[in-house]
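FYI, side chains are in, hydrogens and waters are out, and symmetry mates aren't considered; it's all heavy atoms of this structure.
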Amino acid sequence: MDDNAPRRGFFVRLIRGLFFWGAGLALLGVLFIALAVAYTAQNLPGYSQLQATQNAQTIIVRARDGTEIVELGPSYGEWLDRREIPQVMKDAMISVEDRRFYSHFGVDPIGLVRAVYSAAVDDRRVSATSTITQQLARNIFLNSNRSFDRKIREAVLAVALETKFSKDEILELYLNKVYFGGGAYGVDSASRRFFSHPATELSTAEAAIIAGLVKAPSRYSPTADVDAAVGRANVVLRLMREQGRISSSEASVDPSTVKLKEERSQNSARYFTDWVLPQLDILLPETFAPIEVWTTLDVGMQRAAAAAITANTPPGTQGALVSMDDDGAVLALVGGTDYVSSNYNRATSALRQPGSAWKLFVYLAALEAGYTPEDRVVDAPVTIEGWSPRNSGGGYAGEIDVRTAFAYSKNTVAAQLGNEVGFGTVASMARRFGITTPIATNPAMVLGSSEVRLLDMTRAFASVSAGGTSVEPYGILKVTTDDGEVLYAHEENDAVQLVPAYVAAAITDLLQTTVNTGTGRAAQIGRPVAGKTGTTTANKDGWFLGFSSGIATGVWMGRDDAKAVGGLQGGRAPAQAFAAFMRYAVKDRPITQFQTELQLPEWQLEPDDEYFFGDPEDYYFIDEQGNLIEPGRSDRSGRNPFPMEGEEGDFSPDDRVPEQDQAVSDDFLDRALGRGRNRQNPPPPPPAPLPLPPQPGPGGGGGGPGSQPILVPANPRD
């Protein structure tokens with residue numbers, strides 16, 4: 001008897017049991033999967049619902065002329081029916097992604113076995129084996145993690161999709177939804193993104209480039225690496241030839257000859273879009289539909305602004321520029337020297353001290369209080385509440401006019417003016433002109449110790465350019481859907497007069513002088529320019545702000561860490577950047593002369609003689625003893641030298657004063673005294689004169705009998 005027989009019987013029974021148990025478990029697994037697939041297929045959305053599903057909102061930002069600045073979020077292009085998609089595009093995708101697409105049931109067992117075998121032989125990880133259907137299931141319903149659980153659900157969904165939809169429907173969904181890089185979802189979006197034409201016009205080489213992107217969109221993107229994209233396209237063409245989908249001659253097409261869409265630089269314009277796009281949350285109701293945002297940005301001016309900042313900013317520093325029209329439309333906005341290296345927006349977010357550029361508000365307050373550009377002020381040492389400002393050069397000019405003090409940025413004069421009108425008044429003026437940041441009211445505030453934003457300061461200068469009226473910066477003209485429906489349109493705000501027109505004219509006079517002969521001479525561009533420089537302590541910040549031909553522009557330069565920059569002054573690099581930009585910005589605008597003629601209000605005018613004396617019919621006559629001699633009454637001698645109309649007076653040549661002492665002309669006295677009238681009927685004797693308090697004569701002393709009468713108005717004015 002064989003001693004090993006019981007042992008063999010045990011192993012046979014064990015193997016048989018494992019087989020039956022394994023078969024039973026496999027059957028249960030298949031049953032479970034079948035139920036899961038059936039349940040999933042029953043609950044899948046319909047085809048039209050899957051067609052309309054989008055993962056996020058697409059936003060196309062356009063310049064004021066309609067030029068596309070940037071496209072943000074996913075782009076889905078036009079939905080192409082399976083009959084509209086070129087056959088070469090379908091063949092290219094199937095060849096490289098799922099060669100047995102038409103023969104499997106959603107999962108490719110042969111491909112899976114081959115992948116496992118290759119991994120075992122080559123001692124490496126199992127390669128990706130997802131079919132087109134599995135990729136579609138993942139793109140629509142799942143995320144991209146590589147967990148085992150996700151792969152099981154992906155397989156169930158893929159089989160369910162195959163159960164519910166035809167192969168052509170699945171391929172149509174896939175080609176319209178798969179991600180090709182650059183924000184492009186679907187073949188039509190990819191074709192427009194990379195080749196500037198719809199997918200219905202794709203060539204064999206273009207189809208190969210697009211099909212090659214699916215494996216690694218960022219690595220094989222033709223806009224990122226042309227050589228990598230061409231190399232991958234050649235792989236696709238080889239596979240298509242090997243699988244008999246194209247001929248050998250078609251496979252020899254050179255993808256490197258494909259004309260790619262020119263890539264526009266989005267560098268500096270992104271500062272503008274970063275500022276303007278968050279405003280959509282306020283302007284629009286909640287929507288996930290694709291939209292187009294038409295902005296105020298001028299493409300040419302934006303390029304000129306970026307070039308001006310790059311060319312003039314000192315090494316190791318940053319620069320920013322804002323330019324706006326008189327109505328507040330922002331034409332160009334640069335928030336730094338390079339958006340890729342630093343997307344911090346120094347034009348709209350950074351808070352920096354403006355230095356002497358702040359004197360705009362000091363002098364506005366002084367002009368509104370009654371000063372004029374010709375008024376005399378004294379540039380001399382001064383101490384206010386223990387603070388003693390000094391001028392940049394350390395010297396003092398003595399007595400000068402307001403215009404010169406502003407043009408040469410005299411700190412002592414600004415301090416005196418601020419102290420006279422009140423530091424709170426200066427702060428209120430800054431608020432009036434759009435400064436939104438906290439403002440100190442200590443004496444040093446007149447020299448720009450309070451931090452401001454470049455956008456706000458440019459807005460203030462734009463308000464001066466607009467004649468002293470309010471300006472509200474804006475960047476969005478309208479928002480439309482992709483089919484042209486207008487969701488929002490900008491409406492012009494009612495402008496408010498911030499200061500009287502004569503104050504705006506006076507400050508423009510001062511600003512123009514600053515550029516013509518003062519600290520801002522580097523900002524000259526061959527046409528009228530008004531502006532102001534600003535430099536902070538230790539040259540940490542340099543500013544120039546000004547306007548010409550209806551465009552206001554502000555420039556700031558400095559370091560982000562607020563350290564000193566050797567040689568940085570507002571009248572140098574910032575003024576030069578301003579001039580470089582403005583020469584381009586105003587080139588197509590007519591030359592405009594500034595309105596600097598002062599039309600002062602009545603209370604500020606010096607009265608002339610006629611204004612002082614008023615209407616001659618209102619005159620009374622007073623002798624130098626202070627006695628009022630009304631027309632028609634006689635003086636103490638009984639004579640009537642000042643008769644009423646129609647009366648004859650007793651004026652004689654002896655009563656006339658020497659010509660050099662006359663207060664009024666002979667012609668006026670002839671009319672006032674009624675000379676030449678009929679003297680035949682003398683009037684009755686007049687009543688006694690009305691006494692008045694003694695009045696000093698022209699020489700300052702009292703007069704005696706027979707002294708010259710003095711003319712005063714009946715209603716004297718101050």
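Aromatic ring orientation, F361 versus F433: tilted (interplanar angle from 30° to 60°). Y179 and Y185 have tilted rings, their planes meeting at an angle from 30° to 60° on a 0 to 90° scale.
No hydrogens or angles considered: a donor-acceptor pair under 3.5 Å links the side chains of D401 and T404. Of the N and O atoms on the side chains of Q353 and T536, not one donor lies less than 3.5 Å from an acceptor on the other residue. A donor-acceptor pair shorter than 3.5 Å cannot be found between the side chains of D509 and T596. Judged purely by distance below 3.5 Å, without hydrogens or angles, the side chains of R453 and T436 pair a donor atom with an acceptor atom.
The side chain to side chain donor-acceptor pair (under 3.5 Å) pairs that include a residue from residues 492-501 number zero, where partners must be two or more places apart or lie in different chains. Within the structure, side chain to side chain donor-acceptor pair (under 3.5 Å) contacts touching residues 518-529 (residues at least two apart or in different chains) are T519-T533, R527-S549.
With S342 contributing its side chain and D338 its backbone, the two residues share no donor-acceptor pair below 3.5 Å. Without hydrogens or angle criteria, N539 side chain to V565 main chain gives no donor-acceptor distance under 3.5 Å. A donor-acceptor pair under 3.5 Å is absent between the side-chain atoms of S465 and the main chain of G550, judged by distance alone.
With a 6.0 Å cutoff to the six-membered ring centre and a 45° limit on the axis angle, K532 does not count as a cation-pi contact of Y363. Remark: K587 qualifies as a cation-pi partner of Y584 under the 6.0 Å distance and 45° angle criteria applied to the six-membered ring.
Taking the salt bridge (charged side-chain N to carboxylate O under 4.0 Å, His left out) definition, one finds that D379 meets it with K410, sequence neighbours left out.
Salt bridge status for R192 with E78: absent, with no side-chain N to carboxylate O gap under 4.0 Å.
Between F547 and F594, the distance separating the two ring centers is shorter than 6.0 angstrom.
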